[in-house]
Amino acid sequence: MEQQGKRSWLARFGQSLVRRRLIVSAVYLLLAAAVILPAQSLLRDSLMFEQQQLINERLALYERTIYGELQRYRTIPYLVAQSELVQDLLRYRTAVLQANRYLEEAVRDSEADVIYIMDANGTTLASSNWRAPDSFIGGNFSFRAYFRDAKAGREGGQFAVGTTSRVPGYYISRPIELGGVVAGVAVVKISLTGIERSWQTHDESVLVADHAGLVVMASRDNWRYRWLPGTGAGVVPPALEIPGAHVDEPPELPLTISSRRGYEIAEIDGERFLSGRNRIEPLEWELTYLLPMAPINQRLDTSLLIMIAAAVMLYLLIALLHERRETLRSRREAADAAELRAVNTQLQTEIEERRRAEQELRAAEAELVQATKMAALGQISASVAHEINQPLAAMRTNLASARLLITRGSQEELADVMQQVDSLVHRMSVMTRELKTFARKSDERAEPFDLRDSVSNALLLLRGELAGADVQVDTALPETPLEALGEQVRLEQVTVNLIRNAIDAMESAEERVLRIRVQEEGAHAVLTVEDSGSGISGDPRQLFEPFFTTKGSGSGMGLGLAIAERIVTAMGGSINAQNLPSGGARFTVTLPRRTS
Ligand code: ADP
């Protein structure tokens, strides 16, 4: 039952411990989340900001690169158009070979892709790639916008994929005027693949769309020649046109751009990028730079993991420290409890020892009282023997006288002698009775008793004697019980003795007043008996010696006060006698007061 109670208490304690831990853990979790989440958000913001800066820098750089690259070649068609050789070619259709060589030379010098001259109908007359099998010579490109622009007297510029070579490039054209008429067109084709290759080498994600929305340059091949979403889907752009041949309409690039917290997030084929866009204004092209989100997310994930790991480690550390403190505390508590138990045991042993010692002391005390009594008895035995010898000797004499009187037949005298013997026997019986009382070992247990009762009982016993001796009794008793420990009858005996002595002492006095007072004095209960008698003659201490008496033979044994003193001493108190200034004697009995 108790075992069960203990177990359920343990279970409850365990449960409350688990509950407390759960609450503490939950609070810690909330605190950790309150720190980690804003930190993560801050880190994300700073990373995004940093990456956006990078995007802006790259956009500016590539805008300059592309535009600069095209700008570099802009003057070539102009210069070519000014050449005498080229003008002669258009004018007379002669010196084709020289013109080809001239253009070939120009390409080598400028690193342009191809430079060629068309007549006013768009047919190529001379070209730098005159030696190649897919040379432009003889080809007619009048359908190209750049030709039409130049024919109209303007500078032309267009991105297109070559109809013969299938090599993409940017074409810049200039009219060649002879006598105020456009007699031909000079064209330079610039390859942009070098820039694209450099993007690929550096693992950059870039795409460039022309004015119509067609992706003309891209770092990834599968992005190129696709329409940007919402531009020319379902149409073949002029850039890809090949006269007389079927060209599939380019599909739309699966690109979506959404804005999140002020940043542009692009998604292509499930891949996400942080993106930025810039217009290359003179060309009306749009440059898009894409920065994959994966590394950013990876960095964020790593930092989140690190923070979570740090939080877990901190939690474990705190838990470990807490556990250690708990262990130390419970160890200390156990030690304290053990110490307390030890002190308790020691205290119990001491109490036990004390009780035993007390018992022994009480026994020794009882023995001592008895021994004292016996010693006193021994002391008085001699007196008793002496006292008894006298009446015994008297009785022997009386008996001898009686025997003589019997033989003489003197009846009257015999009666006198017998009367004397009787008084002697009486005297001896009184003596033995008193001695018996004195020698009796008290086996009654000390009990609390009211002093007032002892006094009242004693007065009741002596009512007749007091009235007979014409004594005026003045009693002062407390209103509440005043208790002492001992035998009430014994104190009654003492009181009776004191009152009797007082009556005796006042026998020849004119005024007979007996004053009895019971009062509390600190830790003591005090009984005083005063009389208006003759007073004490001699040393008051003497009165308490056995067989001291001033009373005439037969009336006093001199044992009363001796016995009274021993009774009072046995109760732990004291008795003394003194004379009153007004005459008379006062006997004071002092007993330890019993307090409850
Ligand atoms: P007893 O009364 O047999 O003489 P006690 O021991 O009682 O023996 O008294 C001893 C003596 O003390 C008495 O003989 C008496 O001289 C003296 N005494 C006792 N009480 C008084 C008293 N109240 N006034 C004067 N003397 C007294």
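Note that the structure is a prediction, hence the values are computed from the model and not measured. Numbering of ligands and ligand atoms starts at 1, following listing order.
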Is a donor from one side chain sitting under 3.5 angstrom from an acceptor on the other, for [X] and [Y]?
X: Q488; Y: E492; answer: yes
X: Q519; Y: E521; answer: yes
X: S259; Y: E264; answer: no

Inset, instruction - Please collect all ring-ring contact (aromatic ring centres under 6.0 Å, His included) contacts where either partner lies in residues 481-534, sequence neighbours excluded, each pair once. - result: none
Short N or O distance, [X] and ligand 1, threshold 3.5 Å exclusive:
X: A585; value: no
X: N501; value: yes
X: I536; value: no
X: D504; value: no

Inset, instruction - Report the member of K551, E545, R586 with the shortest heavy-atom distance to atom 2 (O) of ligand 1. - result: K551
Legend entry - Among L514, D531, L543, closest by any non-hydrogen atom to atom 17 (C) of ligand 1: L543
Atom indices of ligand 1 within 4.0 angstrom of [X] heavy atoms, with elements:
X: A505; answer: 22 (C), 23 (N), 24 (N), 25 (C)
X: G560; answer: 6 (O), 7 (O)
X: G535; answer: 25 (C), 26 (N)
X: T550; answer: 13 (C), 14 (O), 15 (C), 16 (O)

Legend entry - Over all atoms of both residues, closest heavy-atom pair of A509 and S532: CB-O, 3.7 Å
Legend entry - 4.0 Å heavy-atom contact, G533 with ligand 1: no
Inset, instruction - For F587 and ligand 1, answer yes if some heavy atom of the residue is under 4.0 Å from a ligand atom, otherwise no. - result: yes
Legend entry - Atom CZ of R593: over 12 foreign heavy atoms under 6.0 Å: yes
Legend entry - Region of N497 engaging ligand 1 - heavy atom pairs below 4.0 Å: side chain
Legend entry - Backbone of L514 reached by a side-chain donor or acceptor of D531 within 3.5 Å: no
Inset, instruction - Classify the ring geometry between F587 and F544 as parallel (under 30°), tilted (30 to 60°) or perpendicular (over 60°). - result: perpendicular
Contacts table for residues 472-485: side-chain donor-acceptor under 3.5 angstrom, sequence neighbours left out:
from	atom 1	to	atom 2	distance (Å)
E483	OE1	R594	NH1	3.1

